[in-house]
Chemist: 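First the structure, which I've put down as structure tokens, then a few questions once you've had a look.
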Amino acid sequence: MDVQNAYDLWSANYDADHNLTRDLDQTVTEMILGNLPVGAVLEIGCGTGKNTPLLAKIGEKVTAVDFSAGMIAQAKAKITAPNVTFRVADITQPWPTADAAFDLITCNLILEHVADLDFIFAEASRSLGVGGRLLISELHPFKQYQGSKAQFQQGEETTFIPAFIHHVSDFLSAAKANALDLLVLNEWWHEADEAKPPRLITFLFQKQVDKQLIA
Ligand SMILES: C[S@@+](CC[C@H](N)C(=O)[O-])C[C@H]1O[C@@H](n2cnc3c(N)ncnc32)[C@H](O)[C@@H]1O
């Protein structure tokens, strides 16, 4: 099953299912961004809008994008904040965003489904203003090396959603190639993960100041 169909199918139960990775991602996103007032925010792969209320609180306006109509429908049913606009779009295709239009781009638990990281970093860099930030939160590659990937259960049937492994160095190389400086890298464990590898990795990048402008 392809990624889009899988999330359409999962959408009705995504919020209610037992999912420690989803829950930890919400906690760490709040810890990283909770006190960061920003202007325009782009949330890519917003899903059912788990992190969208936080972005609507810290941001002046939020554009929340996902290619699953089912996931977006769940988000729209819950989130009525007037500063949030939802759009259905595939982030592996050229983004429907103006250059330098955003101050913050967030990307939570989505890049495991995307083969070409460089394209995503290039579009994020193009869409960020100078000094703008890109937050990425992903299933830690250490978990992927052990076989973890996004999956859901319907009755007796488990659906594994197509996933790609991106090494830490892949994220750092794609950022470097696209004028994004690493500000902070963190690894995160759920309280149920004692003595296990980290569950999540987060990167906070910043669009480089144009060094020619300040020279
Ligand atoms: C695990 S969910 C995460 C949703 C939300 N960010 C969260 O943290 O709960 C992954 C989301 O990425 C979306 N997604 C995957 N590939 C995508 C693509 N190429 N373009 C847009 N959305 C995509 C899926 O539809 C799904 O809603």
Side-chain angles (χ1 to χ4, degrees), residues 2-93 95-98 100-114 120 123-124 127-129 132-139 150-154 159 161 188 190 199-200 202-205:
D2 69 20
V3 175
Q4 194 172 16
N5 285 323
Y7 277 103
D8 279 341
L9 208 57
W10 192 6
S11 58
N13 297 320
Y14 180 85
D15 287 349
D17 280 356
H18 176 75
N19 185 336
L20 299 183
T21 302
R22 175 203 60 207
D23 297 345
L24 181 63
D25 175 77
Q26 184 167 16
T27 302
V28 307
T29 301
E30 170 90 45
M31 286 171 71
I32 296 168
L33 297 180
N35 296 314
L36 182 81
V38 278
V41 183
L42 175 65
E43 181 183 19
I44 60 171
C46 64
T48 60
K50 178 197 78 204
N51 294 325
T52 314
L54 168 70
L55 302 176
K57 190 179 80 175
I58 63 168
E60 282 170 21
K61 55 181 180 168
V62 179
T63 305
V65 171
D66 201 287
F67 74 170
S68 161
M71 296 293 271
I72 288 261
Q74 295 289 329
K76 277 184 171 168
K78 288 188 307 204
I79 296 158
T80 54
N83 60 340
V84 177
T85 306
F86 290 102
R87 296 186 69 157
V88 177
D90 181 347
I91 63 142
T92 66
Q93 302 301 314
W95 295 6
T97 52
F102 293 96
D103 304 301
L104 172 68
I105 298 176
T106 64
C107 181
N108 295 68
L109 308 180
I110 169 168
L111 295 181
E112 83 174 285
H113 303 305
V114 172
I120 303 300
E123 285 294 78
S127 305
L128 279 174
R133 277 165 277 199
L134 168 65
L135 173 66
I136 291 176
S137 173
E138 282 296 317
L139 186 65
Q151 58 181 277
F152 64 100
Q153 193 90 25
Q154 288 184 307
T159 300
I161 306 178
W188 305 88
H190 191 277
R199 182 176 291 269
L200 288 180
T202 59
F203 305 87
L204 189 62
F205 297 105

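Note that the structure is a prediction, hence the values are computed from the model and not measured. Both backbone and side-chain heavy atoms feed into the values below; hydrogens, waters and symmetry mates do not.
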Chemist: Mind telling me whether W10 and Y14 have parallel, tilted or perpendicular rings, with 30° and 60° as the class edges?
Modeler: perpendicular
Chemist: Between the main-chain N or O of D17 and the side-chain N or O of R22, is there a donor-acceptor pair closer than 3.5 Å?
Modeler: yes
Chemist: Under 3.5 Å, is there a donor-acceptor pair between the side chain of E138 and the main chain of E112?
Modeler: yes
Chemist: If I compare all heavy atoms of S127 with all of I105, which pair ends up nearest, and what's the gap?
Modeler: CB-CD1, 4.0 Å
Chemist: As a test of understanding, state which of D66, D8, V65 forms a side-chain contact (heavy atoms from CB on, under 4.5 Å) with I72.
Modeler: D66
Chemist: Can you tell me how far apart CD (Q74) and SG (C46) are? Round to the nearest 0.5 Å.
Modeler: 11.5 Å
Chemist: Flag the pair I161 / H113 as yes when at least one side-chain heavy-atom distance between them is below 4.5 Å, and no otherwise.
Modeler: yes
Chemist: Which atoms form the tightest heavy-atom contact between K76 and F86, and what is the distance?
Modeler: CG-CD1, 3.5 Å
Chemist: State, without any angle test, whether E43 and T52 hold a side-chain donor-acceptor pair at a distance under 3.5 Å.
Modeler: yes
Chemist: With T92, which residues qualify under side-chain hydrogen bond (donor to acceptor under 3.5 Å, both in side chains), at least two apart?
Modeler: D90
Chemist: Working to the nearest 0.5 Å, report the span between CG of N19 and CG of L109.
Modeler: 8.0 Å
Chemist: Counting distance only, does the side-chain N/O of N83 pair as donor-acceptor with the main-chain N or O of G59 below 3.5 Å?
Modeler: yes
Chemist: Mind checking the CG-CZ spacing from L9 to F152? Nearest 0.5 Å is all I need.
Modeler: 4.5 Å
Chemist: Can you list the residues that meet the side-chain hydrogen bond (donor to acceptor under 3.5 Å, both in side chains) rule with D103, with sequence neighbours excluded?
Modeler: none
Chemist: Given T27 and W188, is the side chain to side chain contact (heavy atoms under 4.5 Å, CB included) satisfied, shown in steps?
Modeler: CA-CA 10 Å; T27 302; W188 305 88; over 6 Å; no
Chemist: Test of understanding: with ring pair (Phe, Tyr, Trp, His ring centres under 6.0 Å), list the residues that count as partners of F102, not counting sequence neighbours.
Modeler: none
Chemist: Does N35 CG have over 12 foreign heavy atoms under 6.0 Å away?
Modeler: no
Chemist: For I110 and I44, which heavy atoms make the closest approach, and how far apart are they?
Modeler: CG2-O, 4.0 Å
Chemist: Working to the nearest 0.5 Å, report the span between OG1 of T48 and OH of Y7.
Modeler: 10.5 Å
Chemist: Taking only residues two or more places apart in sequence or in another chain, which ones pass side-chain hydrogen bond (donor to acceptor under 3.5 Å, both in side chains) with D25?
Modeler: K50, N51, N108, S137
Chemist: V38 and side-chain contact (heavy atoms from CB on, under 4.5 Å): which partner among V62, L55, L104, L33?
Modeler: L104
Chemist: Return the OG1 to NE2 distance between T21 and H190, rounded to the nearest 0.5 Å.
Modeler: 8.5 Å
Chemist: Can you give me the closest heavy-atom contact between V84 and A56, atom names plus distance?
Modeler: CG2-CB, 3.7 Å
Chemist: Please report the interatomic distance CZ(F67) to CG(D2), rounded to the nearest 0.5 Å.
Modeler: 7.0 Å
Chemist: If you look at every heavy atom in I79 and P53, which pair is closest and at what distance?
Modeler: CD1-CD, 4.0 Å
Chemist: Are any of the side-chain nitrogens in K78 or D15 under 4.0 Å away from the carboxylate oxygens of its partner?
Modeler: yes
Chemist: Which pairs with one or both residues in residues 33-57 pass ring-ring contact (aromatic ring centres under 6.0 Å, His included), sequence neighbours excluded?
Modeler: none
Chemist: Tell me, please, which residues at least two apart from Q153 pass side-chain hydrogen bond (donor to acceptor under 3.5 Å, both in side chains).
Modeler: T158
Chemist: Quick one, I32 and T202 - any side-chain contact, counting heavy atoms below 4.5 Å?
Modeler: yes
